[in-house]
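One structure below.
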Amino acid sequence: MTRLLVKRILLGLVILWAVSVVVFLATQALPGDAARAILGKEATPERLAALRDQLHLDDPIWVQYFSWLGNMFQLDLGESYASGMPVTELLGSRLNNSVALMLCATAISVPLSIIVGTYSALRRDTAFDHTTSVLSLVLASLPEFVVGIVLVLIFSTGMLNLLPAVFVMTGSDSAWSDPVQLILPTATMVLAVSPYIVRIMRATMIEVLESEYVQQARLKGLPERTVIARHALPNAIGPVAQVIALQLAWLAGGVVLVEFLFRFPGIGFALVDAVNNRDLPVVQTLTLAIAAVYIVVNLLADIVSLATNPKVRSAAR
């Protein structure tokens, strides 16, 4: 298990390095001129040339890349081209807001999906199972922005004018300053990730419930609750952990669109602004951070699979 985890960690580092190359080249290929985006259309050629020299924009690409990568290793994220503020200071509160939103969505979607998927498998071919299957299929086929718009139409307009359609700052940079405004963004993300987990949990649970060791546990006279808790669920969680990891990793990237839709002051909204302003340090930092979240979450899913699946542990030896 240790060798396998070390290999996964090394592979994750290689992937992260490859992502850094792609991110850097992609940001360099963005249309427009960063210096002109900062100074405006009326900037003189002399001011543009001075700013390019200050930001080292005229250096060879490989020099810029290794300089940027070296700064990243030293946790020096640079300064925002648009505001002149350090990137860490600029993104500090926004990162906290996005983490709060993702934690809320995770805390609701994962337990809810496991419970619904398990109950669906236990009540196979009943009205509840059919209804859950249809709803999860419909929700899985809808993009998250469509889900968000539908929720806004239902709860923020018309007769049910109960929740704010967009996030409005109330004098504080914290998303917790008005928790009511977190409801619609959180609900959108929950409805976007839950259907996949519900469907795979149902399918895996059905397979486990039909296995020989579960049947043997029942023949021994163990209570059904004990059979499910001790024999079925632990063996079903392993395969589902991979899907949960993919969905939680999606939250790090999908939060961009959800935050932009609800004008939520997080990293997603900051990323859209940075792309529009060609603020390269902010774009590079956020994109690399999202990639790092994908890698870490998938590594944690591998650990859960190893811990819960004896077959995987045996294969690792």
* To do: May I ask you to decide if Ala140's main-chain N or O and Tyr196's side chain share a donor-acceptor pair within less than 3.5 Å?
  => yes
* Run the numbers on Trp17 and Leu13 for side-chain contact (heavy atoms from CB on, under 4.5 Å), then give the verdict. => CA-CA 6 Å; Trp17 169 77; Leu13 293 175; over 6 Å; no
* Asked: Would you find a donor on one side and an acceptor on the other, under 3.5 Å apart, between the side chain of Thr106 and the backbone of Leu103?
  -> no
* To do: Determine whether Leu163 and Met189 fall in the same hydrophobic cluster, where Ile, Leu, Val, Met, Phe, Trp and Tyr are linked whenever their side-chain heavy atoms lie under 4.5 Å apart.
  => yes
* Asked: Under the 3.5 angstrom rule, does the side chain of Glu259 hit a backbone N or O of Ile267 as a donor-acceptor pair?
  -> yes
* **Leu112 to Ile108 - nearest heavy-atom pair and separation** => CB-O, 3.0 Å
* Asked: Any side-chain heavy atom of Leu286 sitting closer than 4.5 Å to one from Leu91?
  -> yes
* Asked: Taking a hydrophobic cluster as the set of Ile, Leu, Val, Met, Phe, Trp and Tyr residues connected by side-chain heavy atoms closer than 4.5 Å, whether directly or through intermediates, do Val193 and Leu139 fall within one such cluster?
  -> yes
* Does Arg199 use its side chain to pair, donor to acceptor, with the backbone of Ser133 at less than 3.5 Å? -> yes
* Asked: Can Thr285 and Thr88 be said to form a side-chain contact (heavy atoms from CB on, under 4.5 Å), step by step?
  -> CA-CA 9 Å; Thr285 298; Thr88 51; over 6 Å; no
* For Ile290 and Val256, what are the C-alpha separation, side-chain angles and deciding distance, and is it a side-chain contact (heavy atoms from CB on, under 4.5 Å)? -> CA-CA 10 Å; Ile290 291 172; Val256 175; 4.2 Å; yes
* To the nearest 0.5 Å, tell me how far Thr188 OG1 sits from Leu261 CG. => 6.5 Å
* Counting only N and O atoms by type, is there a donor-acceptor contact under 3.5 Å from the side chain of Thr204 to the main-chain atoms of Met201? -> no
* Structure fact -> Here the pair of heavy atoms bringing Pro164 nearest to Leu184 is O-CD1, 3.4 Å
* To do: Determine yes or no for a side-chain-to-main-chain donor-acceptor pair under 3.5 angstrom, with Thr287 supplying the side chain and Val23 the backbone.
  => no
* Side-chain heavy atoms under 4.5 angstrom apart, residues restricted to Ile, Leu, Val, Met, Phe, Trp, Tyr: same cluster for Val190 and Ile154? -> no
* Asked: Going hydrophobic residue to hydrophobic residue with side-chain gaps under 4.5 angstrom, can you get from Val134 over to Val198?
  -> no
* Side chains of Tyr65 and Ser20, donor plus acceptor under 3.5 Å -> yes
* To do: Please name the pair of heavy atoms, one in Val87 and one in Pro281, separated by the smallest distance, quoted to 0.1 Å.
  => CG2-CB, 3.9 Å
* For the residue pair Ile114 and Ile244, establish whether any side-chain heavy-atom pair is separated by less than 4.5 Å. => yes
* Asked: Hey, are the side chains of Ile183 and Phe155 touching, using non-hydrogen atoms and a 4.5 Å cut-off?
  -> no
* Closest non-hydrogen atom pair between Phe264 and Ser98, with its separation -> CE2-N, 4.2 Å
* Asked: What's the spacing between Asp129 CG and Leu122 CG if we round to 0.5 Å?
  -> 10.0 Å
* **Rounded distance [0.5 Å steps], OG1 in Thr132 versus CG in Leu137** => 12.5 Å
* Asked: Under a 4.0 Å N-O cut-off, is there an ion pair linking Arg202 with Glu207?
  -> no
* **Worked verdict on Leu69 versus Phe24 for side-chain contact (heavy atoms from CB on, under 4.5 Å)** => CA-CA 9 Å; Leu69 190 63; Phe24 186 82; over 6 Å; no
* To do: Please check if atom CZ in Phe66 has more than 12 non-hydrogen atoms from other residues, nucleotides or ligands closer than 6.0 Å.
  => no
* OG1 on Thr186 to CG on Leu191, rounded to 0.5 Å -> 10.5 Å
* **Closest non-hydrogen atom pair, Asp125 against His130** => O-NE2, 3.5 Å
* To do: Applying salt bridge (Lys or Arg N to Asp or Glu O under 4.0 Å), run through Glu210 and Arg124 and close with a yes or a no.
  => CA-CA 12 Å; Glu210 294 176 349; Arg124 187 178 179 183; 2.8 Å; yes
* **Within one Ile-Leu-Val-Met-Phe-Trp-Tyr cluster: Val293 and Ile15, side-chain cutoff 4.5 Å** => yes
* To do: Measure across Ile197 and Gln247 and return the closest heavy-atom pair with its distance rounded to 0.1 Å.
  => CG1-CG, 4.0 Å
